There are 2 protein chains.
Amino acid sequence: MKHIAESTVRRLSLYLRFLEQSRREGKDTISSGDLAGLGGTTSAQVRKDLSFFGSFGTRGLGYSVSALSRRIREILGLEREWRVVIIGAGKIGAALAQYRGFADRGYRIVGIYDVAPARIGVSLDGITVRDQKELEGDAARLKPEIALLAVPPTAAQTLVERAAKAGIRGILNFAPAQIHAPAGVEVRHVDMALELEILSYALTNARKK
Amino acid sequence: MKHIAESTVRRLSLYLRFLEQSRREGKDTISSGDLAGLGGTTSAQVRKDLSFFGSFGTRGLGYSVSALSRRIREILGLEREWRVVIIGAGKIGAALAQYRGFADRGYRIVGIYDVAPARIGVSLDGITVRDQKELEGDAARLKPEIALLAVPPTAAQTLVERAAKAGIRGILNFAPAQIHAPAGVEVRHVDMALELEILSYALTNARKK
DNA sequence: CTCTGTGAACATCTTCACAGCT
DNA sequence: AGCTGTGAAGATGTTCACAGAG
């Protein structure tokens with residue numbers, strides 16, 4: 001398959017939300033224009049995004065809400081359950097452990113790890129925090145696929161490598177650190193401080209529009 | 001000034017981190033190639049990014065670490081203190097309240113709000129959580145400029161409007177909800193579930209590279 | 001007549017390549 | 001010689017506009 005732009009995948013994920021909302025509202029079909037209105041893009045953009053994966057619409061009518069939802073879930077890999085571990089049981093790790101948005105989408109937290117003795121043994125959202133050293137050893141039992149990395153920036157790189165050894169193939173990094181991804185491991189960043197800086201840039205330079 | 005791409009601003013923010021790291025390591029000057037290496041781009045990209053704002057390098061030598069840091073802080077609006085309120089004192093709001101990365105960059109938390117009686121009156125990181133209803137009334141005293149919105153998706157839109165009435169001009173939204181920004185208010189999103197979906201897309205479609 | 005699917009036009013962002021300081 | 005600053009070329013992403021299906 002041709003390479004798909006990240007911006008397209010991001011919008012697909014948004015479309016899925018709108019589709020689920022539409023389903024709750026009892027709609028059976030939805031047009032590219034409707035989807036665009038909900039998401040702040042254009043109908044052409046919606047159609048182009050979907051066209052990369054096939055043609056699932058009906059001319060003159062629009063898209064079947066349920067069929068398109070199913071197809072997008074399939075494209076994004078949401079038809080299966082993902083086994084996720086949280087590395088770092090500080091405030092952010094703890095918040096992630098109970099975040100509803102993950103469970104709702106089939107991401108199942110199977111383990112939580114930390115280094116601090118004070119945190120090890122504590123139960124977070126029904127899961128006992130274990131020592132980071134156990135990560136590799138636990139791998140055979142837990143079969144983790146994705147890690148949410150919520151540790152101090154200085155520890156991030158080491159833990160990425162440990163996660164890779166535990167067989168983890170995808171990492172969502174919350175630490176404000178640039179990390180080198182081992183081969184075969186996909187790393188994405190959620191960088192709150194950076195987003196806030198982009199926001200203050202926008203506020204500081206607000207009369208350019 | 002010409003319009004600057006968001007990707008450029010994002011990289012600027014990264015360059016600043018590398019510059020601060022270089023400063024700690026005692027470096028006085030740094031070349032575009034060095035900066036590129038740390039950030040995973042190219043030297044041409046670094047020079048182009050900086051060129052939008054002027055020319056601060058010395059040919060044959062590179063950039064002064066301290067001068068460039070200062071200039072980027074200025075561009076991003078980090079030379080001043082920003083007054084920030086957190087709306088939503090659940091797990092995520094609480095984690096944001098104590099997040100070091102914000103304080104380090106001059107973002108000062110001046111208030112925390114929630115609706116739940118159980119949370120109102122509690123102290124988080126030295127700040128007492130107040131009723132959301134007080135937001136507008138507190139505005140004259142607190143002069144908030146930025147809000148971190150960490151509430152359930154259904155409540156997000158209402159609170160954006162309340163924040164706008166309190167004089168807030170920038171909102172960093174953590175709720176997985178598409179929100180309509182009132183005029184003059186800049187809204188950015190940190191959407192963890194969405195990032196995780198982009199990750200699972202990448203893992204599901206991993207043999208395309 | 002409505003709404004999709006898609007090449008072609010356009011706009012934006014990145015990389016190249018080199019002139020010009022130091 | 002080393003490294004910046006920048007037009008020009010190239011790549012990538014978005015919008016237009018219309019043929020064609022229902």
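Throughout, a chain's letter reflects where its sequence line sits, starting with A, and its residues are numbered from 1. Keep in mind the model is a prediction, meaning the values are calculated, not measured. Any value given below was found using the heavy atoms of this structure, including those in side chains, with hydrogens, waters and symmetry copies removed.
A sub-4.0 Å separation between OP1 or OP2 of C/dG5 and a side-chain N or O of A/Y63 is present. Listed pair B/S55 / D/dT4 fails the phosphate criterion, with no side-chain N or O lying under 4.0 Å from OP1 or OP2. Phosphate proximity of D/dT4 to B/S32: present, with a side-chain N or O under 4.0 Å from OP1 or OP2.
Here B/Y15 and B/F18 keep their ring centres 6.0 angstrom or further from each other.
For B/R59 against D/dT4, a side-chain-to-base donor-acceptor contact under 3.5 Å is present.
Applying the side-chain hydrogen bond (donor to acceptor under 3.5 Å, both in side chains) definition to pairs two or more places apart or across chains, those involving residues 178-190 of chain B are A/E195-B/R188, B/E6-B/R188, B/N173-B/H189.
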**Asked** Can you give one letter per nucleotide of nucleotides 10-15 of chain C, 5' to 3': B if a protein heavy atom sits under 4.0 Å from the base, S if only from the sugar-phosphate, - if neither?
**Response** ---SSB

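Between A/R141 and A/E134 there is no salt bridge, since no side-chain N of the basic residue sits under 4.0 Å from a carboxylate O of the acidic one. Using a 4.0 Å cut-off between charged nitrogen and carboxylate oxygen, A/K133 and A/D138 do not count as a salt-bridge pair.
A/L68 places its CG atom 12 Å from the C1' atom of C/dT4, with the value rounded to the nearest Å. At whole-Å resolution of the value, CZ in B/R47 and P in C/dA19 are 15 Å apart.
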**Item:** B/E81/B/R105 under salt bridge (Lys or Arg N to Asp or Glu O under 4.0 Å): CA gap, chis, key distance, verdict
**Value:** CA-CA 8 Å; B/E81 179 181 271; B/R105 277 276 191 271; over 6 Å; no

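Nearest heavy atom pair, residue A/L194 against residue B/S13, reads CG-OG, 3.7 Å.
Place A/L61 and A/S51 on DNA chain C by their nearest nucleotides, and A/L61 ends up nearer the 5' end.
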